[in-house]
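What follows is one structure encoded as structure tokens, with my remarks underneath.
Scope of the values below: all heavy atoms of this structure, side chains included, with no hydrogens, waters or symmetry mates. Numbered from 1 within each chain, the chains take letters A, B, ... in sequence-line order.
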2 protein chains.
Amino acid sequence: MNDKPDPPTRRHATLKDVAEACGLSVATVSRYLNRSIKLPPATIGRIDAAIAALNYQPNQHARSLSLGRSETIGLVVPDISNPYFAHLAASVEQAASEFGLGLVLCPTLSRTDREIDYLGRLARRHVDGLLFATNNGDDPALGRALQGTSTVVLVDDDIIGARAPTIMADSDQGGFLAARHLIEMGHRRLGYVGGPAGLSSSRGRLGGFRRAVAASERPVTIAAEIQGPYSSEHGRLAAGQILALDPVPSAVFAASDEIVLGLLSVFKQRGVRVGIDISVVAFDDVGPLQLFDPPLTAIRQPVERLGRRAVEMVLDLIKGEMREPVSEVLPVELIIRESVKPPRS
Amino acid sequence: MNDKPDPPTRRHATLKDVAEACGLSVATVSRYLNRSIKLPPATIGRIDAAIAALNYQPNQHARSLSLGRSETIGLVVPDISNPYFAHLAASVEQAASEFGLGLVLCPTLSRTDREIDYLGRLARRHVDGLLFATNNGDDPALGRALQGTSTVVLVDDDIIGARAPTIMADSDQGGFLAARHLIEMGHRRLGYVGGPAGLSSSRGRLGGFRRAVAASERPVTIAAEIQGPYSSEHGRLAAGQILALDPVPSAVFAASDEIVLGLLSVFKQRGVRVGIDISVVAFDDVGPLQLFDPPLTAIRQPVERLGRRAVEMVLDLIKGEMREPVSEVLPVELIIRESVKPPRS
DNA sequence: CTGAAAGCGCTTACAG
DNA sequence: CTGAAAGCGCTTACAG
């Protein structure tokens with residue numbers, strides 16, 4: 001009888017332990033685990049028993065080192081506490097886990113240096129691919145850093161100078177639907193509060209907005225086009241400018257949830273009643289906009305589909321199945337609630 | 001002259017390449033990179049130049065395998081698209097990156113099997129430690145799975161049967177402050193809509209709530225104690241039950257942001273005016289509660305501090321500096337806005 | 001101070 | 001079909 005206890009310091013069973021326990025070589029066990037081999041049922045039973053008995057867990061680092069890949073992707077986002085990116089992260093995670101991919105989150109605080117750092121992480125093979133959402137798409141340094149990469153897909157916005165596949169919502173159509181809705185409801189003097197002038201998502205929303213105004217049979221004017229960061233602070237500032245206009249526009253479009261939050265907080269504090277004194281259309285529609293005062297009409301981004309499709313695209317890239325970078329655009333939707341009413345007077 | 005081009009297939013420079021390029025051994029370069037050596041300035045210059053020229057990036061998998069640790073921690077959460085956990089993730093990420101730790105996100109959809117899976121990831125040394133937030137703390141299987149682990153800190157809620165350090169908000173105090181505020185505002189008939197009966201966070205909130213009621217000099221009754229998941233769906237169901245009461249309580253406390261969202265949507269659709277027909281206090285205060293109709297009075301959780309402290313604790317654990325599992329409680333705060341008014345009549 | 005060498009735990013081409 | 005062995009790219013105790 002062999003009563004020698006296992007050395008108590010051994011923390012984790014290795015493949016070697018499993019192989020010894022069932023009288024096989026590590027090669028065979030490894031092949032079995034990677035399904036690249038057929039074994040008699042009896043052997044399978046022995047291996048499974050040994051794995052269970054030793055509570056064997058493969059060491060991912062060893063595996064990744066040997067394989068040269070990690071079966072993990074990264075999601076680069078400006079700020080995970082922003083509901084839009086939080087929802088994007090949730091949908092990406094869901095899709096990634098269905099494909100057996102791990103996900104690591106890479107929040108950048110919108111700092112280009114951190115964004116470039118994460119590209120380095122890709123180079124270091126920490127991850128096999130990157131889903132890249134940024135608000136710095138107009139920074140040439142970022143575009144340059146993207147040049148050398150091959151498994152990056154751009155999500156939600158473009159980066160100038162980057163030749164990478166992209167997946168985004170139809171910003172142009174979103175801007176168009178927003179303006180058309182406002183015009184149909186009788187508004188003739190509109191305010192536009194958008195994102196950064198250099199961003200393609202922002203340009204798209206403004207372009208669509210103008211397009212609907214130009215297409216209107218009635219004379220419609222855009223009383224203000226205020227661009228800035230996709231932030232509530234920018235929304236607050238813009239609200240002040242909008243309210244200082246004479247006359248004040250009867251309706252405003254805010255190009256993101258964050259912006260509309262800022263807008264609303266100033267309106268509220270100044271006693272400007274949404275839907276009565278001023279109509280509002282928002283963009284994104286990931287927050288609880290239906291619970292606001294009044295429930296907010298908004299252009300909804302297809303966040304779920306965006307995340308899933310991004311994962312599929314990066315997988316194609318990793319597998320080398322995408323020859324030329326493709327660019328996909330997903331439709332948006334106008335959700336009518338109660339923040340747009342015909343103008344007074 | 002040596003004009004031989006580099007083999008074009010070589011994808012990444014390794015430590016060996018760097019060492020060769022500057023006429024040193026890999027050992028020396030490695031030591032330099034890990035700051036465990038002092039080198040003459042000239043040598044440092046040579047190494048740095050070679051690293052830059054070759055664009056050398058250390059391979060993390062090799063490093064982790066060799067070191068036996070990954071300098072990465074995991075954050076296990078039920079749902080990253082829930083603003084509470086999204087904010088928690090943001091604060092954890094911030095703190096982790098300050099300590100030079102990577103963060104991987106582990107969303108569980110509240111499924112115990114996935115939670116246990118992530119514990120396995122820890123065992124596989126994929127991460128050095130885990131920050132664990134769960135709504136399944138009453139599941140004995142989870143408690144059992146936690147037994148074998150040594151570098152897990154429980155965040156935001158307890159797990160029965162687990163002997164792990166914990167960091168949470170003061171739920172009891174939160175429930176107490178909520179009820180006391182309601183009582184001070186003149187309410188005598190209260191509704192309580194809480195989380196799962198088995199969870200310590202939930203029990204704490206209810207306990208504090210009852211304690212304030214018991215401490216009241218005036219007779220106060222809790223007309224309903226409705227427990228269920230921390231979800232908006234549960235909030236919607238509970239709203240129906242609350243409104244079916246006769247008489248309807250003049251005020252209700254909702255033990256999470258999600259629950260209050262559900263409550264509000266039913267109130268809105270039934271024409272029950274918050275602050276007029278019924279007063280409301282929420283819990284968490286991470287969403288844009290100040291923009292709701294009316295702005296919501298709430299107990300605010302110290303999410304930032306929670307995240308940071310959790311990271312510090314797991315680091316202590318990893319470094320072996322925590323002998324006995326400690327348990328910390330962070331204070332909450334009552335944020336008075338406009339959803340609590342004296343009862344009518 | 002510096003380097004040659006072993007070792008971390010896998011995978012897989014190569015040989016029997 | 002199966003195994004011995006090389007290799008992935010690091011770190012570090014050990015020797016000079």
- To the nearest Å, give me how far apart CG (A:Leu67) and C1' (C:dT12) are. 10 Å
- Hey, what do you get for CG (A:Leu154) to CD1 (A:Ile159), rounding to the nearest 0.5 Å? 4.0 Å
- Query: What is the distance from CD of B:Gln60 to C1' of D:dG9, rounded to the nearest Å?
  - Reply: 11 Å
- Have a look at B:Leu65 and say if it touches a base, only the backbone sugar-phosphate, or nothing, with a 4.0 Å heavy-atom cut-off. base
- Query: Are OP1 or OP2 of D:dG3 and a side-chain N or O of A:Thr28 less than 4.0 angstrom apart?
  - Reply: yes
Which pairs, protein N/O on one side and nucleotides 4-7 of chain D N/O on the other, fall under 3.5 Å?
residue, atom, partner, partner atom, Å
D:dG7, N2, A:Ser66, OG, 3.1

- N/O (side chain, A:Tyr56) to phosphate O (OP1/OP2, C:dC10) under 4.0 Å: yes
Would you mind writing out the side-chain donor-acceptor pairs for residues 18-27 of chain B within the sub-3.5 Å range, not counting sequence neighbours?
residue, atom, partner, partner atom, Å
B:Ser25, OG, B:Ala27, N, 3.4
B:Ser25, OG, B:Thr28, N, 3.2
B:Ser25, OG, B:Thr28, OG1, 3.2

- Query: If you check the B:Leu15 side chain, which of D:dC10, C:dT12, D:dG3 turns out closest?
  - Reply: D:dC10
- Task: Could you check how far CG of A:Asp17 sits from C1' of C:dC8, rounded to whole Å?
- Result: 13 Å
- Task: With sequence neighbours left out, write down each residue that passes side-chain hydrogen bond (donor to acceptor under 3.5 Å, both in side chains) with B:Asp117, or none if nothing qualifies.
- Result: none
N/O donor-acceptor pairs under 3.5 Å from side chains in residues 65-74 of chain A, not counting sequence neighbours:
residue, atom, partner, partner atom, Å
A:Arg69, NH1, A:Glu71, OE2, 2.6
A:Ser70, OG, A:His126, O, 3.2
A:Ser70, OG, A:Asp128, OD1, 3.2
A:Thr72, OG1, A:Ser70, O, 3.1

- DNA chain C: stems of at least 3 consecutive Watson-Crick or G-U pairs whose donor-acceptor distances fall under 3.5 Å: C:1-3 with D:14-16, C:5-12 with D:5-12, C:14-16 with D:1-3
- What's the NZ-P distance between A:Lys16 and C:dC10, to the nearest Å? 11 Å
- Message: Rounded to whole Å, how long is the line connecting atom CG of A:Asp128 with atom P of D:dC8?
- Response: 18 Å
- Atom NE2 of B:His61 to atom C1' of D:dT11: distance rounded to whole Å? 17 Å
- Task: Ignoring backbone atoms, test whether A:Arg63 places a side-chain nitrogen or oxygen under 4.0 Å from the OP1 or OP2 oxygen of C:dG9.
- Result: no
- Message: Please enumerate all residues that pass side-chain hydrogen bond (donor to acceptor under 3.5 Å, both in side chains) together with B:Ser97, with sequence neighbours excluded.
- Response: none
- To the nearest Å, give me how far apart CZ (A:Arg69) and P (D:dG9) are. 15 Å
- Message: In this structure, how many angstroms lie between the C1' atom of D:dC1 and the CG atom of A:Leu39, rounded?
- Response: 9 Å
- Task: For B:Arg309, check side-chain hydrogen bond (donor to acceptor under 3.5 Å, both in side chains) against everything at least two apart and list the hits.
- Result: B:Glu312, B:Glu328
- Determine the minimum heavy-atom distance between B:Val152 and B:Leu317, stating which atoms define it. O-CD2, 3.6 Å
- Tell me, which pairs form a salt bridge (charged side-chain N to carboxylate O under 4.0 Å, His left out) where one or both residues lie in residues 76-97 of chain B, sequence neighbours left out? A:Arg114-B:Glu93
- Closest of C:dG9, C:dT2, C:dT11 to the A:Asn59 side chain is C:dG9
- Rounding to the closest angstrom, what is the interatomic distance between C:dT12 and C:dG16 at atom C1'? 16 Å
- Any pair counted as salt bridge (charged side-chain N to carboxylate O under 4.0 Å, His left out), so long as it reaches residues 152-163 of chain A, sequence neighbours left out: A:Arg163-A:Glu324
- Query: Strictly by modelled atom types, are A:Ser91 and A:Glu304 linked by a side-chain donor-acceptor pair under 3.5 Å?
  - Reply: no
